[in-house]
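These notes are about the structure you will find just below.
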Amino acid sequence: MGSFHRTIGIFSCFLTLCKGQDMSPILTSDATFIGSPGVRARLTLTGVTNVARIVAKNLAPEIAQADAFVLMAPHKLSQFSLSASSPKLRLFGDVNQVVVNMVPIGAITTHITNINASIAFTVNGAMNGRTIAGSIDLFSEGFAVDVTLNVKRNSRGNPLITILSCHGVAPKKAITVRSTSVKAPALQQLQSTAATWVPSLFEAVVCPRLEFIVEHRVNQRFALLPSKITLQQTANFDLMRAMIEADREIRRKARQNRRHRRDTGTGSLQAFISSNFNLSRAEGLVLDYGVLSSPIISSRGIEIESSGEISAFGVQTPFGPKPISLPATVSNEMFEIVVSDFVPNSFMYHGHRIGIFNTRVDPKTPHFGPTMRTSCDLDSGSLFCVGDLFPTLRDEFPDRELVFLFSTLRAPVVVVHSEKDGGIKFELLGLIQVMQIDPITKRETPLGSMEIELDAKMQMRITSKVVKGKVILDNITLRTRTPKVLVQEELDDASLLSREILQRMVNDIIRQGVPIPVHPLFRLRKPNLRLSERSLILETAFTLNKRLISQLTAAQLSRA
């Protein structure tokens with residue numbers, strides 16, 4: 001399958017190059033890596049523990065309220081001929097003491113301790129030949145439960161959680177057994193033997209509810225989450241809206257007895273996403289943060305690989321990410337992320353194709369407006385103007401206001417190296433069309449055009465959501481396409497004089513940055529950035545989207 005994708009990638013690349021050189025030649029060899037992960041992430045033991053605490057805190061009240069969803073069969077109380085039924089669980093205080101272990105490999109074991117709980121249930125049967133029937137209330141501080149789970153990938157590229165085992169643990173403190181209908185000495189015997197039957201009862205009450213909420217409710221909600229969102233939505237994506245609308249659509253189709261799919265939400269989510277597309281703007285591009293394969297669980301943490309591709313809907317990127325790997329040494333931070341330079345390059349490839357980088361500079365443009373003239377003097381409000389760079393243009397078309405229309409001739413490219421190997425390189429090939437504005441009609445007519453080629457170094461800075469770059473130009477080359485108006489010799493001189501103007505223009509083009517392809521469940525906090533060969537390495541703490549966690553576990557989806 002891998003060779004097939006590579007062959008298709010090379011063929012697509014060939015077609016793309018033949019159709020207009022959309023892709024930089026620098027990335028030609030990367031066509032053999034189509035389908036490879038562009039992002040590798042490691043949730044360290046510290047990070048997994050933090051997630052487990054927050055999830056346990058949200059799960060606890062849902063487990064206590066799950067009586068209407070999970071009916072427990074009569075449960076035998078230890079060696080007695082007694083069975084418990086119709087349990088009601090009540091928890092007191094938050095559940096936040098969680099110990100996580102990542103061994104054995106392939107499983108996550110969580111030990112949730114200090115659970116203060118009461119269980120009300122009905123008991124029926126016999127003890128020491130005496131028939132017993134009635135209502136029992138028991139209470140204790142310090143219940144515990146051991147849960148072992150696995151995380152895989154569902155068909156939409158989101159997590160799929162399986163509970164491997166669940167066991168109740170005897171409370172550390174005394175157990176109180178009360179009843180108004182069961183009298184002594186039977187009640188006293190239940191009290192004295194509580195340590196033998198309460199842990200299994202606690203397990204019988206808690207574990208089926210936990211399995212139901214996680215394996216059905218949470219997994220179904222994950223199936224509703226899109227693995228691709230538009231770039232416009234990455235700033236403030238309303239996941240709840242997407243999930244609720246997908247859920248409504250599924251229910252509507254089920255009522256109409258239309259198609260039934262085990263992987264719920266596929267059609268409706270695609271419709272929701274595609275309804276937001278407008279290929280004339282940035283929201284025509286989508287970010288793919290879906291997981292490519294099941295996570296690897298080991299003592300190092302949970303390691304995940306995803307595409308990270310930013311692309312136009314339905315258009316394949318003709319190159320892929322070169323191999324990247326997580327650091328050999330596990331960080332002390334919660335989260336480690338390695339992002340291939342494929343991520344910004346896929347953005348720039350598709351952005352170029354749909355014209356995101358097209359820029360207009362005219363007399364109304366901040367900073368540059370006063371200079372956009374062929375002639376300037378004290379009366380014009382500026383002592384320097386474009387005409388000073390291009391004397392022929394000034395002489396042929398005096399006293400004209402000018403417009404520069406910039407477009408990329410092929411996709412800009414970023415190549416990341418380590419700091420010692422030169423850092424980040426940025427290359428751009430574009431076209432500047434020079435237009436004049438008629439002083440009377442204000443109509444714009446073309447005067448000439450020139451190609452612009454830039455080589456630059458790029459400095460990166462990172463926020464909680466995006467990586468932003470700032471270019472520092474090394475070389476500028478201007479090539480005329482209209483030599484009678486834009487004389488090559490004047491362009492050669494202008495490339496030196498216009499460095500600051502062009503540098504500002506390029507930085508304005510890329511000022512929005514590229515979103516970090518991390519699942520919207522996470523928000524990075526104070527990330528640290530360093531460079532590696534063809535990749536960026538981020539080490540960071542994070543906060544969880546607690547509202548989304550709550551909705552993943554809740555009985556009913558709600559935007560409240």
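If you take CG on Leu548 and CG on Asn58, they are separated by 10.0 Å, rounding to the nearest 0.5 Å. One finds the CD atom of Gln436 at 11.5 Å from the CD atom of Glu396 (value rounded to the nearest 0.5 Å). A distance of 6.5 Å separates CZ of Arg523 from OG1 of Thr543, quoted to the nearest 0.5 Å. The structure places CG of Asn345 at 10.0 Å from OG1 of Thr317, a figure rounded to the nearest 0.5 Å. Rounded to the nearest 0.5 Å, atoms OG1 (Thr441) and CD (Glu444) are 10.0 Å apart. Interatomic distance, CG of Leu524 versus CE of Met334, reported as 11.5 Å (0.5 Å rounding).
Across all non-hydrogen atoms, the minimal contact from Ile324 to Gly38 is CD1-O, 3.5 Å. Between Ala456 and Val471 the shortest heavy-atom distance is CB-CB, 4.1 Å. Of all heavy-atom pairs spanning Glu333 and Asn528, the tightest one is OE2-ND2, 4.1 Å. Listed here is the closest heavy atom pair of Thr365 and Arg360: OG1-O, 3.8 Å. Taking each heavy atom of Ser294 and Lys152 in turn, the nearest pair found is OG-CB, 3.4 Å. For Gly308 against Leu287, the heavy-atom pair with the smallest separation is O-CD1, 3.9 Å.
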For this session: Take Ile510 and Phe347 through the test side-chain contact (heavy atoms from CB on, under 4.5 Å) and record every step on the way to the result.
Result: CA-CA 11 Å; Ile510 63 174; Phe347 163 68; over 6 Å; no
Exercise. Ser449 and Gln433: side chain to side chain donor-acceptor pair (under 3.5 Å), yes or no, with the steps?
Worked result: CA-CA 4 Å; Ser449 62; Gln433 299 182 65; over 6 Å; no
For this session: Would you please test Cys376 and Thr371 for side-chain contact (heavy atoms from CB on, under 4.5 Å) and show each step?
Result: CA-CA 8 Å; Cys376 51; Thr371 69; over 6 Å; no
Exercise. Going through the checks in order, is the salt bridge (charged side-chain N to carboxylate O under 4.0 Å, His left out) test met by Arg353 and Asp22?
Worked result: CA-CA 7 Å; Arg353 286 175 58 90; Asp22 285 329; 3.2 Å; yes
Exercise. Given His350 and Ser311, is the side chain to side chain donor-acceptor pair (under 3.5 Å) satisfied, shown in steps?
Worked result: CA-CA 6 Å; His350 293 279; Ser311 62; 4.8 Å; no
For this session: Before giving the answer on side chain to side chain donor-acceptor pair (under 3.5 Å), spell out for Gln488 and Asp492 the whole-Å C-alpha distance, their side-chain angles and the decisive distance to 0.1 Å.
Result: CA-CA 6 Å; Gln488 186 61 50; Asp492 293 339; 3.0 Å; yes
Exercise. Which is it for Glu539 and Arg530 under the salt bridge (charged side-chain N to carboxylate O under 4.0 Å, His left out) test, yes or no, and what are the steps along the way?
Worked result: CA-CA 9 Å; Glu539 296 176 348; Arg530 55 192 174 93; 3.3 Å; yes
Exercise. Does the pair Val386 and Met372 meet the rule for a side-chain contact (heavy atoms from CB on, under 4.5 Å), with working shown?
Worked result: CA-CA 6 Å; Val386 171; Met372 298 302 294; 3.9 Å; yes
For this session: Take Lys468 and Met460 through the side-chain contact (heavy atoms from CB on, under 4.5 Å) test and state the conclusion after the steps.
Result: CA-CA 6 Å; Lys468 294 187 176 183; Met460 287 287 190; over 6 Å; no
For this session: Start with the C-alpha gap between Ser418 and Asp421, add the side-chain angles, then the distance that decides, and say whether side chain to side chain donor-acceptor pair (under 3.5 Å) holds.
Result: CA-CA 5 Å; Ser418 63; Asp421 292 326; 3.0 Å; yes
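Between the Ser550 side chain and the Lys546 main chain, no donor and acceptor come within less than 3.5 Å of each other. The main-chain N or O of Phe222 is found under 3.5 Å from a side-chain atom of Asn158 such that the two form a donor-acceptor pair. Between the Arg394 side chain and the Asp388 main chain, no donor and acceptor come within less than 3.5 Å of each other. Side-chain atoms of Gln503 come within 3.5 Å of backbone atoms of Leu473 as a donor-acceptor pair (strictly under, hydrogens ignored). Side chain of Thr359 to main chain of Phe357: a donor-acceptor pair is present (N/O by atom type, distance under 3.5 Å, no hydrogens or angles). The backbone N or O of His352 sits nowhere less than 3.5 Å from a side-chain atom of Arg410 that would complete a donor-acceptor pair. The main-chain N or O of Val466 is found under 3.5 Å from a side-chain atom of Thr463 such that the two form a donor-acceptor pair.
Contact of the Arg373 side chain with the Ser375 side chain is not registered, since no non-hydrogen atoms from C-beta on lie closer than 4.5 Å. Phe426 is listed as a side-chain neighbour of Val506, based on a closest heavy-atom distance under 4.5 Å. At least one side-chain heavy atom of Leu43 sits under 4.5 Å from a side-chain heavy atom of Phe335. Using a 4.5 Å heavy-atom cutoff, the side chains of Asp493 and Leu389 are not in contact. Using a 4.5 Å heavy-atom cutoff, the side chains of Ile516 and Tyr289 are not in contact. Taking 4.5 Å as the limit, every side-chain heavy atom of Gln459 sits out of range of all side-chain heavy atoms of Arg461. In this structure, the side chains of Ile337 and Val39 come closer than 4.5 Å at one or more pairs of heavy atoms. Between Asp395 and Thr392, every side-chain heavy-atom pair lies at or beyond the 4.5 Å cut-off.
At a cut-off of 3.5 Å, with distance as the only test, no side-chain donor of Thr374 or Arg400 sits close to an acceptor on the other residue.
Sparse packing is recorded around NZ of Lys457, with 12 or fewer heavy atoms of other residues, nucleotides or ligands lying under 6.0 Å away.
Between Phe319 and Phe33, the ring centre distance reaches or exceeds 6.0 Å.
When each of Arg42, Arg153, Arg40 is paired with Glu305, the salt bridge (charged side-chain N to carboxylate O under 4.0 Å, His left out) condition holds for Arg40 and for no other.
A salt bridge does not link Lys425 with Asp455: every distance from a Lys NZ or Arg NE/NH1/NH2 to an Asp or Glu carboxylate oxygen is 4.0 Å or more. A salt bridge links Asp30 with Arg534: the distance from a Lys NZ or Arg NE/NH1/NH2 to an Asp or Glu carboxylate oxygen falls below 4.0 Å. A salt bridge does not link Arg443 with Asp438: every distance from a Lys NZ or Arg NE/NH1/NH2 to an Asp or Glu carboxylate oxygen is 4.0 Å or more.
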